[in-house]
Amino acid sequence: MSDQATLEVRNLQTHFFTKAGVVKAVDDVSFSVGKGKILGLVGESGSGKTVTGFSILGLVDEPGRVVGGEILYRGENLVGASQERMRQLRGNNIAMIFQDPMMTLNPVLRIDTQMIEAIKAHQKVSDDEARQRCRDALGQVGIPAPEERLKSYPHQFSGGMRQRVAIAIALLNKPELIVADEPTTALDVTIQGQILYEVQKLCAETGTAMIWITHDLSVVAGLADEVAVMYAGRVVESGEVDGVLDAPQHPYTAGLIGSVPSRNARGKRLQQIPGMTPSLLNLPVGCAFKTRCSYSTPVCETAPVLSEVAGGRQVRCHHPLATEAV
Amino acid sequence: MTVFVIRRLMQAALVVLIMSLLVFGGVFLVGDPVEMLVADDADQAEREAIIKSMGLDLPFYIQYLRFIGNALQGDMGNSFVFQESAMHLIAERMPATFELAFAALFIAVVFGIPLGIYAGLNANSWISKTIMTTSILGFSLPTFWVGIMMILFFAVIMGWLPSSGRGETVDVFGIQLSLFTLDGLSHVCLPAVNLALFKLSMVIRLARAGTREVVHQDYIKFARAKGLSDTRIIGVHLFKNIMIPVVTVLGLEFGGLVAFSVVTETVFAWPGMGKLLIDSINFLDRPVIVAYLMFVVVLFVVINLIVDVLYSVLDPRVRLQEMKS
Amino acid sequence: MSAVQENADHGRAGHSQSAVEVETPFRRFVADYMENKIAVFGAISVFVVVLIALFGPLIAPTDPYDLASVTFMDNKLEPGEQMGNGVTAVLGTDGLGRDMVSAMIYGLRISLGVGIGSGIIALLIGVTFGLCAAYFGGKVDTVIMRIVDIQLSFPAILVALVLLATLGKGIDKIIIALVVVQWAYYARTVRGSALVERRREYIEAATCLGLSKRRVIFRHMLPNCLPPLIVVATMQVAHAISLEATLSFLGLGLPVTEPSLGLLIANGFEYIMSGLYWISVYPGLALLFTIVTINLVGDRLRDVLNPRLQK
């Protein structure tokens, strides 16, 4: 049991069948996350990281569909699981936190309604007990006067408070896995810091595994144990967070790191990745990054595969960079 | 909140006053009621006496002020035709009209919301397309013609339902209602459906549009991520949100139902206020016309007020704004 | 594809085949409209209906209002029976012995005439007030729009009923009533789109050029407000026809000497209980066909002319 990952995703493919053609939003994504660990899933917007998150919870909407691969939750394959089984897992074993806290809570329902229903969807408990658990969860995420706050409506909260409520709802049933989709992007930096700290503490205390989806490498650096970098629907590099960030081997990862402004490089020109993210409708043949990559050679016309280079480190590139600090 | 209510009430009073001037002024111009009332062989003196007794010789503004004074005391004058208080005539026929309007509203809501939600959730199924096409017809077909066709089919050809009148009524708290007898129900069926068709189409469209908008909101996805059942998501999270526009529009449209019952009541010979209005217009029975119109104006204003309050109950965000203002 | 891109693409296409066909906004509009077959059917139907109305007296088998030729002997003939003058009454005759086909064609003339006539007058009045409200703003705007709001808060049928009760019967009276009912819709529509246009640079530019107010309003603002106006006008004509029929049915619209489709239906209503369905049903179907086809056209116009819906 101990070496079994809480979640293992193998070669996941989620495609959207639109009128304009098949959008391969997620095309061959693999990673795993263990008990109490935090995996950072990094990528630009449109790289497929959010769709990956929704695929895990079985929340991909029409015209999207998981068309291949496996999502193993404690060994159980969730691809092709029944609607009812997915409903049982959602919010109970696997919870999700969304990006925009202003939009995730139903504006016309009180907080207590939205919290208690999340408990009662999975367990038969008395109203009093459910209420007590809601209070506890709100306290856990640092919301003062939980009893009063339970009777409020979402619009009476600030953005940061709403996100705490959303996190509290995710925690209600003590899930073993939380998928957090850029939960701090819309918040102030100070509030982001507080929430990151609390989340980290919670994972360590409760052994909850977490997938933290973000485009912000600095968040990943401070929070995650492992990182998987996505580009155009594929994982291009993954491994221990320190190893990947200190010595990126995929040119795209290196580019991402280079475009983060840092204090050490003050005064120097920021690096940037030339060109634009390709349209998922019309990906280049072979390596999807080749059109923006300074290392590309004719061999990049064939698609590289994700291969292990050393100790859990995987790279999808024909020309991995030498292991040296950037 | 109190300030808000008071301000609304004052606005409402102003609208009623302006409308009373318009209605009275407009009806003041209607034909010559004396012609209708005086016997053909009456001499000049008799005519003068009648004109004087009805105050028709006074200048317009005096007649208007008199009318306002009496109206404030609940007296809208006597019907020229029935020699009876106009208010009383209307009050007598009001239950029939309201019964019809509520029955129609009930049909529109009970069928319209589920159909609209269904069409919103399954936009591409052929059932949804059929629902939407039919609702376009509901908008464009003239009510009276549909009513005639309903009579032709259900009453004349099939003989299933009666085509006119109100049927047996039961006394409920002093009000005659036909909804509680089988005979009454069979009579109310056709007119209620006829009156409901337009609103039904509207409710379907509103519910569908609302559903399509709400269903893509993050909070619905979040509700699914919590593992809620579809029943709860549709029945609580979606329903409560789409009800805001539906209640607003339906509330405002209740007055429209009462107004449109003029047509339905005429087609189905339903003894309500609308039929009274048409008869009064044909007889140039000024006090009844004025009383009916003022009644409808007040009804509209009251409905607007109620809808505002209901709206703030349904949508907590509005409640907050109002408390601030 | 964004609108800009699409325009660019069209520009290129137009350039390469400019000898064959120049892409004008009108051609593009027609091409867009044609994509929906039901809407094309609607447009053709409306065209045919208008033709029938225009050339009614030439088409109609008999003149239903020529007292010399209509005889009571022909009353309530069933569809297909022959009338006294040898003409076959394809859709039967009414209670006075008039051929239904002829009566319907004449009725259609009145219905369409009243609907379109009142629509045009209401459009002119509504557009003028709406543009003034938008252009001058301030008090003018407040007063005009308050009147519009109050009027629109009451159902059209009620306003028309009151007016007709006041004015009496007659084609001119019903046109007045329909104009009063409709102008507010036009005013609101035009003001809405004119307010958007007013903030555009080209209006400012025209004002800076020193053009007269009237020129700015009617030559620069109005053409840009046309698309929503066309849609509203189409729908309003259908609405006016339906409303006129309803009012005539209630006995408040037209005098018996000038029966529109609505009045024909009303006349037939008294016979419907005795099973003489054709006197009421056929004029009803004609009315229905007219209204529904106009609405089909209006619906499609809304889709085609609404820039937000264009992909």
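Residue numbering restarts at 1 for every chain, and letters A, B, ... go by the order of the sequence lines.
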Is the side chain of Arg90(A) donor-acceptor paired with the backbone N or O of Lys226(B) at a distance under 3.5 Å, no angle test? no
Using non-hydrogen atoms and a 4.5 Å limit, figure out which bit of [X] sits close to chain B: side chain, backbone, both or neither.
{"X": "Gln114(A)", "answer": "both"}
{"X": "Ala170(A)", "answer": "neither"}
{"X": "Leu105(A)", "answer": "both"}
{"X": "Leu59(A)", "answer": "both"}

Minimum heavy-atom distance between Gly227(B) and Ala121(A), given as atom pair plus value: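 Result for this residue pair: O-CB, 3.7 Å.
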If I compare all heavy atoms of Met96(A) with all of Ala225(B), which pair ends up nearest, and what's the gap? CB-CB, 4.2 Å
So which residues of residues 228-236 of chain B are in contact with chain A at a heavy-atom cut-off of under 4.5 Å? Leu228(B), Ser229(B), Arg232(B), Val236(B)
Using a 4.5 Å heavy-atom cutoff, which residues in residues 208-223 of chain B come close to chain A? Gln217(B), Asp218(B), Tyr219(B), Lys221(B), Phe222(B)
How about CZ on Phe17(A), more than 12 heavy atoms from neighbouring residues, nucleotides or ligands closer than 6.0 Å, or not?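 Yes, enclosed.
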In this structure, are over 12 heavy atoms from other groups packed under 6.0 Å from Lys120(A) atom NZ?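 Counting other residues, nucleotides and ligands, NZ of Lys120(A) exceeds 12 neighbours.
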Give the C-alpha distance, both sets of side-chain angles, the deciding distance and a yes or no for side-chain contact (heavy atoms from CB on, under 4.5 Å) between Lys240(B) and Thr113(A). CA-CA 13 Å; Lys240(B) 268 208 142 189; Thr113(A) 316; over 6 Å; no
So Asn124(B) and Glu62(A), do their side chains get closer than 4.5 Å, heavy atoms only? no
